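These numbers come from a predicted model, not from an experiment.
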Amino acid sequence: MERTKKKNTKAYTSFVFIFLLFSAVYLFLFRQEPRELAIGSGIIAIIGSALPAFWSLRAYQAAERQVRKFWLFLSLALLSCLIATMSSYFYEFYFGMNDVFISVADVLWNAAIIFSLLAFLYLIKQKADEVTIYEIVYDAVIIIVAAACISWEFLQKQTWEQLSQNSFIMQLFGISHPAGDLIVLFFLVCVFNALSYQRLSKALVCIYVGFLLFLISDTIFLYLASQHMYYFGHPIDWLGTASLLIIGGAAFFAEDLHVLSRQEAYPSSTSLFSARLWFSNVSVLVLLALIVARGDGFDLIAFGCIVSTLLIIFRQMHTMFQNRKLMLELEGKVLERTEELIQKNKELEASTERAEFLAGHDPLTGLPNRREFDRIASEWVKTNENGFALLFMDMDRFKWVNDTMNHGAGDLLLRKVAKRLLANVGAGASVFRQGGDEFLVLLPVTEVPEIDRAVCDLIQSLEQVFFIHDNEVFISASVGISLYPEHTDDVELLTIKADIAMYAAKKSHGKQWLIYDETLLPAEQSKLELEKEMRYGLERGEFCLHFQPLYHMDSETVSGAEVLMRWQHPKRGLLYPNSFIPLAEESRFIIPLGRWMIREACRQWRSWQEQGYEPISLAVNISVNQFLHPDFLTELEEALQEHDMDPAYLELEITENIPFSDTYAIAILEHIKQLGIRISIDDFGTGYSSLQYIQRLPVHTLKIDRSFVHDMMHNRNNKVLVETILMMAKQLNLEVIAEGVEEQDQLAFLKDNGCAFVQGYLIGKPVEEEIFRSAWLYEQG
């Protein structure tokens, strides 16, 4: 398409050049032969008028609906020129009369002017919403006033005087031709002004240049005719033919006007804007030059008027150019700011997409997480009428990898395991990370042989060697299987049953996977019942908080308390955490249970404040599953805001089971610290990775595990370890809390070695809120 367009344009340019060259040569060679000159010039003029009319009609037929009227009016104008030309030569050759002022040709020329005006008005209408009437008309009025004065002085006045003996209508008709040229000029300038902020397309160039040449040639023709100097074949005929060919050439660039009609943006043209300013002012300067040239009545006052006018023009030009410069600079800044905002929006969208991804995916392996599993499994329950199988997979010997290598190696192994599972689960299956070294798999099959084959393929793929830091690592997996709808139609219960089957497979000999059975492991069945009771117990408000005082050695006062959970079971009585927390961790019920604990601690702190007691810090234990839950930070902030608790009085106790090498975990810790909440590492010294990551973590406090404090006065190794922890914490500007202090000599030893805080039965046991409040809290003021 583009190649065809270029080919047509080249053909048009070549033809016009050759045709005009031939015409000029012909008119020059026969300038002394009146009849041959008139005949040849007539043929040239007719051809030069017919071709533009044909081109514009063709453009009208192919034009889009929005610009068809423009091409229609332009083709009618060119067609009127053609018929007027033919009429002029017909009069010349058949009647021997060439009345310039009143003839059919004059009527047709006036018709051509009218059609041209309609075409111009249509172009102006295309930009009516983008420019004001002032921008379109003001400069045009200045130009047309100057042109009208010049036309009247040199052309129309003489014509008017020649027709003074005729009727008034004949006089008006006699000057209609030059007046029509002025009107065409006026609207041509209006078109230029309306489109001056667009790029100068080739179609518009042809229209501007062609009509300007047409007006120049027509004006000269009228002047020559008024002076009886015109003859057929005059060189001015050649200029008129050239102008029509150039106007018709716009049809070869019609696509430019099609684009204009679709309101597509063009780059702003500074050169066209500058031309707008110069055209109007140059026309005024021409009038001033005529005043000087004529010399009639030229005196000091006229000179002063000319100088003042020039100064006003230049001041206006300077102001407008300055305004234009400022406007362009402003447009540039707006575009720059817009690009910045677009970039910021892209970054925000990327961050939002990343946050949405992390909310439903495990940050380490990229697999969907437990939250996403609940959603997708619920959809499977609704849509899989034939049922499906749930695989609960636990990696065997994974802890050995962590203990003998490091958490980084364990993380790398988990990523490789995730890739192998994805590569071997088969079509239609979905893989999820439950947490730790546990994975969930949804299989769209229920037949036992198919399930056995699928599980066997997965286990065999995992038993292939893994290369971790140039070391060969071998692992396997234990798999528990539950079936929907055979075992249950509840997703959570389906997961628990698959978990029960997995533990049974892990404890059995020779079985790597088992399908859930109601007779399988009565102890596991009792765990299932206990979990149900936990869920109902939380709804019924059976859980409560106990508080163990935290003793500040220097001030010898209680500065805080550790918040501990108790379960007031309706049948078993008061249960301690070790009887239900492990099951809550295993079933992930620890997440709603931990959420309740944080909210209840914040509520209790606010209640003490409202009762007029001095504020103390409260330390709450956070499990790994709760810490890594996507909603943890949001729920934490909501709890603080709901009960208006000062974050400085809340301390979160985390264990070394949290994957400190994980960037997601580090980001959570940083966010907690930014909230103003204190962070402590509980049971410090029992994990292997403490010293490796302690300097990187945004923590405030280390809690020495009670196992070291309990017999440190009788066990030299534990005593040295406690001393070392205290010394290291001092160097790192960390506070230390010693747990399990039960003897006076332990307290004295810790105080002598710079331990600021202690906790244990020697100070006080965990007690109910009422007892703790009356025994340890102080009233304000």
Side-chain angles (χ1 to χ4, degrees), residues 534 537-552 555 557-568 574 576-577 581 584 589-623 626-627 629 631-654 668-680 682 698-701 703 735 737 756-757 759 763-781:
M534 271 196 302
L538 183 60
E539 294 176 2
R540 293 192 293 258
E542 296 174 1
F543 289 89
C544 61
L545 300 182
H546 282 201
F547 302 87
Q548 184 174 22
L550 178 66
Y551 185 71
H552 189 205
S555 63
T557 60
V558 170
S559 61
E562 180 176 1
V563 182
L564 301 166
M565 190 182 299
R566 299 291 187 264
W567 182 7
Q568 190 63 51
L574 188 66
Y576 288 84
I581 290 297
F589 184 65
I590 193 65
I591 294 173
L593 203 57
R595 183 190 309 126
W596 171 85
M597 186 176 184
I598 290 176
R599 288 185 176 273
E600 184 64 15
C602 294
R603 186 201 64 77
Q604 188 60 69
W605 186 89
R606 172 49 52 190
S607 176
W608 288 338
Q609 287 292 100
E610 293 174 350
Q611 295 175 50
Y613 291 101
E614 292 284 348
I616 64 170
S617 64
L618 295 181
V620 180
N621 288 278
I622 304 297
S623 76
Q626 183 184 3
F627 180 84
H629 193 272
D631 296 331
F632 173 63
L633 288 176
T634 302
E635 293 167 354
L636 179 61
E637 293 179 16
E638 289 176 352
L640 291 170
Q641 294 172 3
E642 180 182 354
H643 300 290
D644 193 23
M645 181 178 182
D646 187 344
Y649 288 98
L650 180 62
E651 183 168 320
L652 301 184
E653 296 185 2
I654 61 176
I668 295 176
L669 290 173
E670 290 288 355
H671 192 106
I672 293 172
K673 183 178 180 181
Q674 290 174 7
L675 291 175
I677 300 172
R678 296 175 62 82
I679 303 171
S680 65
D682 197 14
V699 299
H700 305 85
T701 308
K703 296 191 72 173
E735 294 177 350
I737 300 175
F757 300 92
Q759 180 182 327
I763 308 300
K765 296 181 180 181
V767 292
E768 297 92 334
E769 183 271 331
E770 296 86 354
I771 299 175
F772 180 84
R773 169 166 42 87
S774 61
W776 300 107
L777 295 185
Y778 306 96
E779 293 186 359
Q780 296 182 7

[atom1]/[X] to [atom2]/[Y] distance, rounded to the nearest 0.5 angstrom?
X	Y	atom1	atom2	result
Ser623	Leu593	OG	CG	9.0 Å
Glu768	His546	CD	NE2	4.0 Å
Gln626	His629	CD	NE2	9.5 Å
Ser680	Phe757	OG	CZ	11.5 Å
Ile737	Leu550	CD1	CG	4.5 Å

What pair of heavy atoms forms the shortest contact from [X] to [Y], and how long is it?
X	Y	value
Phe589	Leu538	CZ-CD2, 3.7 Å
Ile763	Pro549	CG2-CG, 4.2 Å
Ile679	Leu669	CD1-O, 3.5 Å
Leu640	Cys602	CD2-SG, 4.1 Å
Tyr649	Pro615	OH-CG, 3.5 Å
Met565	Leu545	CA-CD2, 4.5 Å

- Query: With under 30° as parallel and over 60° as perpendicular, where do the rings of Phe632 and Phe627 fit, or are they tilted in between?
  - Reply: tilted
Just by modelled atom types, is the [Y] backbone N or O under 3.5 Å from a matching donor or acceptor in the [X] side chain?
X	Y	result
Trp605	Leu650	no
Gln548	Gly764	yes
Ser607	Arg603	no
His643	Met645	no

Does [X] reach the side chain of [Y], with side-chain heavy atoms less than 4.5 Å apart?
X	Y	result
Arg606	Asp644	yes
Phe772	Glu769	no
Arg773	Tyr613	yes
Leu777	Ile616	yes
Leu636	Ile598	yes
Trp567	Leu574	no
Leu564	Asn621	yes
Val620	Met597	yes

- Query: Taking atom types as modelled, is there a side-chain donor on Thr634 or Glu638 under 3.5 Å from an acceptor on the other?
  - Reply: no
- Message: For a quick check under 3.5 Å, do Ser617 and Glu651 share a side-chain donor-acceptor pair by atom type?
- Response: no
- N-O pairing of Arg595 and Glu600 below 4.0 Å: no
- Item | Residues Glu635, Arg599: salt bridge by 4.0 Å N-O rule | no
- Item | Over 12 foreign heavy atoms within 6.0 Å of OH, Tyr778 | yes
- Validation row, ring centre Trp608 to ring centre Phe547 under 6.0 Å: yes
- Task: Would you sort out whether Ile590 and Ile581 count as a side-chain contact (heavy atoms from CB on, under 4.5 Å), showing the intermediate values?
- Result: CA-CA 7 Å; Ile590 193 65; Ile581 290 297; 3.9 Å; yes
- Message: Going by side chain to side chain donor-acceptor pair (under 3.5 Å), Glu735 matches just one of Arg678, His700, Lys703. Which one?
- Response: Arg678
- Could you walk me through whether Glu637 and Leu675 pass side-chain contact (heavy atoms from CB on, under 4.5 Å), step by step? CA-CA 8 Å; Glu637 293 179 16; Leu675 291 175; 3.7 Å; yes
